[in-house]
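Just so we're clear, the structure is a prediction, and the values are computed from it rather than from any experiment.
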Amino acid sequence: QVQLVESGGGSVQAGGSLRLSCAASGYTSSMYRMAWFRQAPGKEREGVAGINPRNYRVDYTDSVKGRFTISQDNIKNTLFLQMNSLKPEHTAMYYCAADTRGLAYGYNWYVPDKYNYWGQGTQVTVSS
């Protein structure tokens, strides 16, 4: 079992920055991959950034490359998402996810159903 708790969301004006955190607890050594997803109202959940906790390999969806940075603190078992130059279209609920089954490998990193643990989400609202 893995528990994930996100924090750091909020309201910010366009051009601003936010840093999301995801505190992981439980059997964290079983995680093959962690990722950040987002879901805007009326839209499907989409992968934003992923990381392999064991080799630090990172992946990003094209729209956030150069703008968002995913990182991890293995000592504190915390995942981060630094978001810079935010735009209104980045407004969404952001979720932390973990894969302990080894399914979110390669190009599957952004597929939601490859992850079996999810946090409750943290809201990010960007105003123009």
Side-chain angles (χ1 to χ4, degrees):
Q1 289 280 348
V2 172
Q3 295 79 42
L4 304 172
V5 179
E6 303 98 332
S7 61
S11 297
V12 64
Q13 289 191 329
S17 298
L18 283 173
R19 189 191 196 203
L20 306 183
S21 299
C22 172
S25 60
Y27 193 28
T28 57
S29 62
S30 65
M31 296 188 297
Y32 288 93
R33 182 171 286 272
M34 296 188 75
W36 288 99
F37 286 79
R38 65 187 175 193
Q39 188 166 20
K43 294 188 176 181
E44 294 185 353
R45 191 168 297 191
E46 63 170 343
V48 175
I51 189 168
N52 183 321
R54 306 180 183 190
N55 63 18
Y56 302 97
R57 174 191 167 95
V58 298
D59 294 282
Y60 297 95
T61 191
D62 287 345
S63 63
V64 306
K65 287 180 180 177
R67 192 185 301 272
F68 291 6
T69 303
I70 188 170
S71 61
Q72 63 184 32
D73 181 333
N74 281 347
I75 296 176
K76 297 182 179 179
N77 286 325
T78 303
L79 182 71
F80 301 101
L81 185 68
Q82 178 67 43
M83 305 186 294
N84 298 328
S85 302
L86 285 163
K87 299 180 177 181
E89 52 261 43
H90 296 140
T91 294
M93 185 72 79
Y94 283 72
Y95 298 90
C96 173
D99 164 36
T100 64
R101 299 173 297 184
L103 300 181
Y105 60 89
Y107 292 109
N108 289 316
W109 76 265
Y110 61 86
V111 179
D113 66 6
K114 304 302 182 184
Y115 295 81
N116 52 331
Y117 291 100
W118 293 85
Q120 81 288 351
T122 186
Q123 178 67 38
V124 172
T125 302
V126 185
S127 58
S128 58

Given the rule in the ring pair (Phe, Tyr, Trp, His ring centres under 6.0 Å) test, do W118 and F37 qualify, once you have shown the distances and angles that lead to the verdict? CA-CA 10 Å; W118 293 85; F37 286 79; 5.0 Å; yes
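Smallest separation of non-hydrogen atoms from C22 and M34: SG-CE, 4.3 Å. Nearest heavy-atom pair, S30 versus Y27, reported as atom, atom and distance to 0.1 Å: OG-O, 2.6 Å. Of all the heavy atoms in S128 and P88, the pair that sits closest is CB-CG, 3.9 Å. Residues A40 and A92 come closest through the heavy atom pair N-CB, 3.8 Å. Nearest heavy-atom pair, L4 versus Y117, reported as atom, atom and distance to 0.1 Å: CD1-O, 3.6 Å. Of all the heavy atoms in Y115 and D99, the pair that sits closest is CD2-N, 3.6 Å.
For the atom pair OG1 of T69 and CE of M83, the computed distance is 11.0 Å after rounding to the nearest 0.5 Å. Atom OH in Y95 sits 5.5 Å away from atom CD in Q39 (nearest 0.5 Å).
Side-chain contact between Q72 and P53 is present, with at least one heavy-atom pair separated by less than 4.5 Å. At a threshold of 4.5 Å between non-hydrogen side-chain atoms, the residues N74 and Y56 count as touching. With contacts defined as side-chain heavy-atom distances shorter than 4.5 Å, the pair W109/I51 does not qualify. Using a 4.5 Å heavy-atom threshold, the side chains of T91 and Q123 count as touching. Counting heavy atoms from C-beta outward, W36 and L79 have side chains that approach closer than 4.5 Å.
In terms of modelled atom types and a separation under 3.5 Å, the side chain of Q82 and the main chain of R19 share no donor-acceptor contact. Remark: the backbone N or O of V5 is not paired with any side-chain donor or acceptor of Q120 at under 3.5 angstrom.
Shown are L18, T61, L86, N84; of these, the side chain to side chain contact (heavy atoms under 4.5 Å, CB included) with F68 is made only by L86. Checked options M93, K43, R45, H90; the residue passing with R38 is H90 (criterion: side chain to side chain contact (heavy atoms under 4.5 Å, CB included)). Here the options are T100, N52, D59, the test is side-chain hydrogen bond (donor to acceptor under 3.5 Å, both in side chains), and the partner is R33; only D59 passes.
For E44, the CD atom counts as loosely surrounded, since its 6.0 Å shell holds 12 or fewer non-hydrogen atoms of other residues, nucleotides or ligands.
Taken together through direct or relayed side-chain contacts under 4.5 Å among Ile, Leu, Val, Met, Phe, Trp and Tyr, I70 and Y110 form parts of separate hydrophobic clusters. The cluster map of Ile, Leu, Val, Met, Phe, Trp and Tyr, joined by side-chain heavy atoms under 4.5 Å apart, puts Y60 and F80 in different clusters.
A cation-pi contact, defined as under 6.0 Å to the ring centre and within 45° of the axis, links R54 to Y32.
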